[in-house]
Amino acid sequence: MASIISLEGKFTTVAKKSIKDIGTLGEALKELTDGLTRVAYAPDINSYQPHPKQQHFHKSNKKTRLYIGGNRSGKTTGGIVEGIWWLTNRHPYLDTPNRPVAGRIISVDFANGVNKIIIPQLKQWVPPSQLRGGSWYSAYDSMERTLNFENGSFVELMSYDQDLDKFAGTSRDFIHYDEEPPEDIRIENLARLIDRKGKEWFTLTPVEGMAWIYDQLYEPAIGGINPLIEVTEVGMEENPHLDQEEVEEFLSKLSAEEREIRGQGKFVTRGGLVYKKFSVQTHVIDPIDPKQFKGPGYRWYMSLDHGFNNPTAVLWHVVDKDNRIITFAEHYEAEKTIDYHVEVIKNYEKHFGKSPDIRVCDPALAQRQAVTGTSIQTEYAMRGIGMAPGNNEVLTGVAKINQYLEDGADGKPNWLITANCANLIKEMQRLRWKTWASKKQQSENNPYDQIHKKNDHACDSARYVFSFLPELKPTPPMPEKRNILPQIGGSSAKWATAPNVDPNLGPNALKKKTVWSNVVLNDEDY
């Protein structure tokens with residue numbers, strides 16, 4: 001009965017309009033047909049039933065909302081309905097402006113994003129009675145790509161392939177990004193929200209991997225760093241309106257990487273991680289006091305990757321007699337002179353109470369500069385920081401690092417990084433192999449054997465020092481009672497950061513408390 005009443009209302013609306021108002025008799029008939037079909041097969045916003053993750057998204061009142069999901073997880077629908085509630089002043093969960101609202105929906109392009117996804121979604125979910133003139137054809141300005149509402153609200157439909165200056169203009173109450181926008185477009189649109197204290201939301205499947213959205217929005221929200229951002233994550237299987245057998249059939253045809261992205265909406269490093277074996281839980285430990293590791297059983301290294309526009313990355317490492325390595329400090333800064341970096345290095349090492357036994361750098365620093373007639377390596381040496389060139393065979397260095405990321409015979413990692421080396425840890429998590437520019441090229445060519453040269457400076461610095469370390473060979477497990485290093489919290493316990501003896505290391509290392517000030521070395525251990 002309700003459907004019949006709805007159909008009668010739509011027929012009456014069309015019948016009352018003149019041919020001049022609607023445009024042509026053909027358009028009027030098409031509108032009536034569309035209305036009949038929509039009511040029969042697709043509900044409008046009055047019968048919208050959000051699933052739990054959509055409700056979580058709708059109820060958030062944060063300045064920025066990320067609705068991240070796999071394909072067909074209901075994210076675009078949630079974003080469109082959210083906008084309609086704002087535009088019609090009928091939001092069931094939030095206090096939205098009680099006046100005409102100005103919104104903007106931006107998609108990938110007009111041909112596929114706006115015309116094939118956004119417009120059909122708007123046509124389905126907006127009740128014609130809420131549109132200016134009571135119909136899509138009287139409400140939508142195809143030249144301006146603007147949909148107007150009966151209450152004076154409007155929403156612009158735009159795309160990421162437009163010139164940046166097209167996104168300037170007057171204030172907006174909300175911006176909806178469907179799929180991942182370029183960063184400069186997002187920045188330009190942020191300025192449109194200032195006057196009205198507007199909101200933005202993103203509905204996306206992160207097919208671009210760990211791009212700027214991951215760094216600037218997702219991580220700060222998940223880590224509790226930025227309380228103005230809310231993240232809602234949803235997988236395909238969480239959409240109750242999908243047939244689960246069809247979902248499984250779709251996912252079974254994808255690679256493991258694509259299943260993570262398109263099935264679960266997970267951020268994955270495109271092109272494949274260079275250091276897949278690296279894990280924060282396994283390889284990152286609490287900061288240490290390096291002064292405790294000056295004994296004859298240790299070698300100290302410093303590694304340097306020099307840059308100006310790009311950061312100069314300096315790392316300090318301690319290696320024990322079993323070639324277990326701990327990277328315990330970093331200096332990472334761009335647009336600074338050699339004099340500045342030298343002063344920082346000397347201050348660090350004064351604090352450590354020890355200079356490295358070996359300093360190693362990018363071999364390219366040995367090249368003479370046209371202006372000075374000397375090399376960067378020489379410039380550092382003239383200021384008291386002499387360095388030996390490392391091996392810059394990238395694939396060899398990567399293989400060596402991956403070997404040290406594995407566990408030794410005792411089940412403990414061969415390489416540990418302290419948590420204060422934030423840039424190295426970040427790069428290790430994201431460094432990826434170079435990919436082809438298009439999916440067609442990717443499908444027609446072998447994968448690149450080159451690293452994507454972006455944000456790799458600390459990883460390069462680490463790679464140079466590993467070129468000085470030996471290949472690791474399997475060693476038999478140590479006897480249980482062997483006491484190589486002192487323990488924390490007592491005079492006879494073993495060193496908590498020594499990988500070959502520390503019971504605190506491993507997947508739960510970050511969850512354990514470590515008191516480095518209590519480390520005491522026993523002479524008999526050497």
For Val274 and Val398, the nearest pair of non-hydrogen atoms, with its separation, is CG1-CG1, 3.7 Å
Ring centres under 6.0 angstrom apart (Trp212, Tyr218)
no
Check Ile225 against Pro227 and note the closest heavy-atom contact, atom names and distance.
O-CD, 3.6 Å
Straight-line distance of Ile185 CD1 to Leu164 CG, nearest 0.5 Å
6.5 Å
Between Ile325 and Asn414, does a side-chain contact (heavy atoms from CB on, under 4.5 Å) hold up when you go through it step by step?
CA-CA 6 Å; Ile325 180 169; Asn414 290 305; 5.9 Å; no
Salt-bridged, Asp357 to Lys354, with N to O below 4.0 Å?
yes
Once the angle between the rings of Tyr380 and His306 is folded into 0 to 90°, is it parallel (under 30°), tilted (30 to 60°) or perpendicular (over 60°)?
perpendicular
Does Asn391 offer a backbone N or O that forms a donor-acceptor pair with the side chain of Ser467 under 3.5 Å?
yes
Quick one, Gln54 with Lys59, criterion side-chain contact (heavy atoms from CB on, under 4.5 Å). Give me CA distance, side-chain angles, the key distance, then yes/no.
CA-CA 9 Å; Gln54 287 173 325; Lys59 290 180 178 179; over 6 Å; no
Which distance, rounded to the nearest 0.5 Å, do you find between the NE2 of His176 and the CD1 of Ile105?
6.5 Å
Are any side-chain N or O atoms of Ser107 and backbone N or O atoms of Asp109, one a donor and one an acceptor, separated by less than 3.5 Å?
no
Between Ala334 and Asn309, which heavy-atom pair has the shortest distance, and what is it?
CB-O, 3.8 Å
Please check: side-chain N/O of Arg104 versus main-chain N/O of Phe167, any donor-acceptor pairing under 3.5 Å?
yes
Before you tell me yes or no, could you show the steps for Arg324 and Asp410 under salt bridge (Lys or Arg N to Asp or Glu O under 4.0 Å), namely the whole-Å CA-CA distance, both residues' side-chain angles and the distance that decides it to 0.1 Å?
CA-CA 12 Å; Arg324 315 299 279 268; Asp410 55 1; 3.2 Å; yes
Arg359 bridged to Glu349 by N-O distance under 4.0 Å:
yes
So, are Arg383 and Glu343 salt-bridged, with charged N and O less than 4.0 Å apart?
no
Trp201 ring center within less than 6.0 Å of Tyr67 ring center
no
Between atom NZ of Lys199 and atom CD of Glu230, what is the distance when rounded to the nearest 0.5 Å?
11.5 Å
Taking the side chain as everything from C-beta on, heavy atoms only, tell me whether Tyr160 gets closer than 4.5 Å to Pro182.
yes
Residue pair Arg463 / Val394, side-chain heavy-atom distance below 4.5 Å:
yes
Side-chain donor or acceptor of Glu219 paired with backbone N/O of Tyr214 under 3.5 Å
no
Is it true that a side-chain atom of Lys291 and a backbone atom of Gly353 form a donor plus acceptor pair closer than 3.5 Å?
no
Side-chain donor-acceptor pair present, Thr312, His331, cut-off under 3.5 Å
no
All heavy atoms of Met387 vs all of Cys361, minimum pair found to be SD-CB, 3.7 Å
Would Val280 and Gln429 satisfy side-chain contact (heavy atoms from CB on, under 4.5 Å), going step by step from the backbone distance to the final call?
CA-CA 8 Å; Val280 170; Gln429 290 177 289; 3.4 Å; yes
Check against salt bridge (Lys or Arg N to Asp or Glu O under 4.0 Å), Glu200 and Arg186
CA-CA 10 Å; Glu200 61 175 353; Arg186 190 258 178 158; 2.5 Å; yes
Close side-chain approach of Tyr332 and Leu315, heavy atoms under 4.5 Å
no
Measuring only between side-chain heavy atoms, which start at C-beta, is Glu183 closer than 4.5 Å to Gln216?
yes
Would you say that more than 12 heavy atoms from the other residues, nucleotides or ligands in this model lie under 6.0 Å from the CD of Gln162, or not?
yes
Check for a donor-acceptor pair, side chain of Arg368 on one end and backbone N or O of Gly373 on the other, with a separation under 3.5 Å.
yes
Verify, without hydrogens or angle tests, whether His351 (side chain) and Asn347 (backbone) share a donor-acceptor contact under 3.5 angstrom.
no
Quick check: does any side chain N or O of Gln367 sit under 3.5 Å from a backbone N or O of Ser375, one acting as donor and the other as acceptor?
no
So do Phe308 and Lys336 actually touch side chain to side chain, heavy atoms under 4.5 Å?
no
Is there a donor-acceptor pair closer than 3.5 Å between any side-chain N or O of Arg65 and the backbone N or O of Phe202?
no
Are the ring centres of Phe466 and Trp415 closer than 6.0 Å?
yes
When rounded to the nearest 0.5 Å, the distance separating OG1 of Thr64 from CG of Leu190 is 6.5 Å
Are any of the side-chain heavy atoms of Ile385 and Met302 separated by less than 4.5 Å?
yes
Tell me the closest heavy-atom pair linking Pro363 and Tyr464, and the distance in Å.
CD-CE2, 4.2 Å
Sub-3.5 Å donor-acceptor pair from the side chain of Asp460 to the main-chain atoms of Asp305, do we have one?
no
Any chance you could lay out the side chain to side chain donor-acceptor pair (under 3.5 Å) test for Asn420 and Glu330, step after step, and finish with the verdict?
CA-CA 8 Å; Asn420 53 303; Glu330 75 170 15; over 6 Å; no
When rounded to the nearest 0.5 Å, the distance separating OG1 of Thr232 from CG of Leu66 is 8.5 Å
Counting C-beta onward and ignoring hydrogens, is there a side-chain heavy-atom pair between Tyr275 and Leu405 closer than 4.5 Å?
yes
When you check the gap from the basic side-chain N to the acidic O, do Asp163 and Lys166 get nearer than 4.0 Å?
no
Does the separation of the ring centres of Phe352 and Phe328 fall below 6.0 angstrom?
yes
Applying side-chain contact (heavy atoms from CB on, under 4.5 Å) to Ile68 and Val234, what does each step give before you reach the verdict?
CA-CA 6 Å; Ile68 303 171; Val234 58; over 6 Å; no
Nearest heavy-atom neighbours spanning Ala221 and Val231:
CB-CG2, 3.6 Å
Would you indicate whether the side-chain heavy atoms of Val318 and Arg299 approach each other to under 4.5 Å?
no
If you measure from CD on Gln377 to CE on Met382, what distance do you get to the nearest 0.5 Å?
13.0 Å
Donor + acceptor pair across side chains of Asp195, Ser171 (<3.5 Å):
yes
